[in-house]
Amino acid sequence: MGSMKIVYKPKFSFWPFLIHTIIISFTSYLINILLVYIKLSNNELGLIFSLIALIIFDIVSLFLIIIYPTMRYELRQKELYLICGPFKDIIEYENILKISKTNLKYDLSSSGWKIPGYALFNIYYRDRKWVKMYSTRLLKDIIIIETINKKLYGLSPKEEMDFIKDLEKKLKNKNL
Amino acid sequence: MNIIIWSIISTILSLLLLLFIKDIDKNINLKTKIFTILISLSLCPVVNIYIKRPIFYFIENFFNISNELKNAPFIYIIIIPIIVSITEETIKIFPIIFKIINKYRNEKNSFFSLGFIVGLGFGIGEIWYLAFNFIEYSKKYSFFELSGFGSERLFATFLHGFMTSLLFYGISINKGLNYFLFVIFIHTIIDLPPAFYQAGYLPIYATYLFIVIFLFIIIKPYHKIIEHLRNESLEINEEKIFFKR
């Protein structure tokens with residue numbers, strides 16, 4: 001039974017689907033216009049750069065919304081898996097120092113993908129510094145897992161209390 | 001009309017830049033912030049009409065230099081950004097004469113924030129000053145073609161906020177002159193590529209690329225300063241602990 005795992009999903013929000021649809025539609029529209037302008041301007045280099053940047057942004061947006069529903073947290077035998085599409089973080093139970101729930105403070109200058117209802121990758125928050133997010137909430141009621149190497153992970157499981165209870169069971173089972 | 005729409009977009013996005021300095025200081029009330037931004041809005045038109053324009057008019061007439069940069073000597077193309085930097089950075093100090101702003105002079109967090117607000121106000125004033133100056137000229141361009149104006153103005157407004165916050169920070173720690181010279185240097189560096197573009201030495205995308213690269217270079221150290229100042233006044237939200245080792 002070594003591969004037994006308990007899977008928790010976050011509560012998916014409607015907002016990322018709407019926001020991504022708007023972003024993808026708008027960038028696709030701009031791409032079409034740019035193609036016309038590039039033709040008219042005899043392949044001006046600046047416009048070609050803009051076109052490439054827009055296409056990359058369009059593809060990234062599409063990719064991120066495709067992987068959004070795959071976000072999940074897996075409690076396995078020895079580790080907690082945080083998964084979203086091809087992105088994965090593994091936290092060994094023995095490395096967990098603290099589990100808490102808090103509201104985070106937004107920072108405009110941060111990197112990462114952060115829109116209402118979708119927070120992914122390393123995101124800088126004013127109060128907690130860098131937090132690796134696998135969450136369908138950006139700021140409110142985030143479960144923070146702190147590890148012994150001072151890394152922070154942000155989660156938002158749908159069945160929050162069940163997730164915490166199961167995680168605590170795993171931590172106790174390890175007798176740490 | 002398209003340039004007005006882009007100006008409105010840039011202004012709204014510029015105001016969102018205030019989120020950068022959120023939580024740095026809680027002493028400054030909303031009234032002071034609104035007053036600071038309103039006063040700063042007038043700085044750009046004032047410096048352009050009453051200071052820069054007469055200076056350039058004098059230089060061009062005295063030395064018989066063409067006001068078309070494409071026909072101007074190379075040295076003049078370098079002098080322009082220096083004059084622009086000195087005059088603009090000097091006028092940005094002007095709001096300090098108001099007691100409502102000056103009373104924070106010895107508080108570095110507050111003064112840094114107020115400096116950012118002054119720079120932002122200056123930048124927004126510049127958006128509208130340029131928009132009204134180019135309103136006739138811009139009519140031949142489509143909304144899409146003017147997107148460069150919108151994004152370039154947003155970058156410029158951020159850079160004004162960046163430079164003025166450093167300047168005010170310097171004043172608050174009694175190193176005003178050092179920071180003033182540093183800010184003038186930075187401002188000159190930023191303004192050189194657009195001047196070269198207008199003179200026909202650089203293509204537009206190279207100018208734009210320079211500004212983007214410059215932003216990438218400064219954002220990290222600037223963020224460090226903001227983080228340092230914020231740590232002094234930040235309150236951390238309460239947390240509910242489920243497990244602690």
Side-chain angles (χ1 to χ4, degrees), chain A residues 29-30 32-34 36-37 40-41 44-50 53-54 93-111 124-130 139-148 152 155 160-161 163-172 174 176, chain B residues 13-24 26 116 120 141-148 151-152 154 158 161-162 197 202-210 212 215-216 218-245:
Chain A
Y29 164 75
L30 288 180
N32 277 321
I33 295 178
L34 262 178
V36 175
Y37 272 95
L40 289 174
S41 69
E44 196 190 307
L45 202 57
L47 292 177
I48 293 172
F49 281 147
S50 307
L54 272 177
Y93 296 131
E94 60 184 20
N95 287 342
I96 294 178
L97 202 64
K98 191 167 123 185
I99 306 166
S100 58
K101 183 180 170 182
T102 188
N103 295 334
L104 297 167
K105 292 196 171 186
Y106 185 78
D107 189 283
L108 182 72
S109 59
S110 167
S111 60
Y124 186 89
Y125 289 95
R126 288 205 307 277
D127 48 350
R128 300 292 172 133
K129 309 282 182 283
W130 292 101
L139 304 171
K140 293 241 168 191
D141 296 330
I142 307 293
I143 301 288
I144 299 284
I145 296 179
E146 190 179 332
T147 61
I148 43 174
L152 298 179
L155 288 63
E160 195 179 279
M161 287 324 292
F163 173 79
I164 299 285
K165 274 179 196 163
D166 280 337
L167 185 55
E168 275 177 337
K169 265 186 220 165
K170 294 275 183 189
L171 291 167
K172 280 170 191 164
K174 286 296 292 176
L176 297 162
Chain B
L13 292 175
S14 298
L15 287 172
L16 284 177
L17 291 173
L18 283 171
L19 286 170
F20 253 107
I21 52 161
K22 201 167 178 282
D23 282 346
I24 286 184
K26 290 187 173 68
F116 192 86
L120 217 65
Y141 294 107
S142 69
F143 180 74
F144 180 73
E145 282 172 305
L146 286 170
S147 62
S151 54
E152 189 253 357
L154 182 62
F158 171 74
F162 157 75
Y197 159 68
L202 270 181
I204 183 70
Y205 56 85
T207 313
Y208 209 80
L209 199 65
F210 172 84
V212 173
L215 273 172
F216 266 98
I218 61 155
I219 201 82
K220 189 82 182 170
Y222 188 56
H223 192 255
K224 284 261 177 209
I225 297 170
I226 291 178
E227 197 182 318
H228 171 72
L229 293 172
R230 190 175 280 146
N231 285 343
E232 292 179 4
S233 59
L234 188 70
E235 291 163 9
I236 293 176
N237 279 331
E238 275 184 27
E239 60 176 5
K240 185 180 172 187
I241 298 171
F242 296 109
F243 171 85
K244 195 173 180 183
R245 220 189 282 282

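Order of the sequence lines fixes the chain letters, A, B, ..., with proteins taken first and strands second; residue numbering starts at 1 for each chain.
The parts of F243(B) that come within reach of chain A are both its backbone and its side chain, each placing non-hydrogen atoms under 4.5 angstrom from that chain. Heavy atoms of S142(B) lying under 4.5 Å from chain A belong exclusively to its side chain. Residue I226(B): no heavy atom, backbone or side chain, is found under 4.5 Å from chain A. For a residue to count as touching a neighbouring chain, one of its non-hydrogen atoms must lie under 4.5 Å from one of that chain's; by this rule I204(B) touches chain A with the side chain only.
When each of I145(A), I143(A), I33(A), I148(A) is checked for heavy-atom pairs under 4.5 Å with chain B, I33(A) comes out on top. Here I96(A) is the residue among L34(A), I144(A), I96(A) with the most heavy-atom pairs under 4.5 Å with chain B.
Applying the side chain to side chain contact (heavy atoms under 4.5 Å, CB included) criterion to E227(B), with sequence neighbours excluded, gives Y124(A), K129(A), H223(B), N231(B). Taking L209(B) as the reference, I213(B) meet the side chain to side chain contact (heavy atoms under 4.5 Å, CB included) condition, with sequence neighbours excluded.
In this structure, F162(B) and Y222(B) have perpendicular ring planes: the angle between them is above 60°, well past the 30° mark.
Taking the six-membered ring where the residue is Trp, the centroids of Y208(B) and F49(A) are separated by 6.0 Å or more.
The shortest side-chain heavy-atom distance between I164(A) and K101(A) does not fall under the 4.5 Å cut-off.
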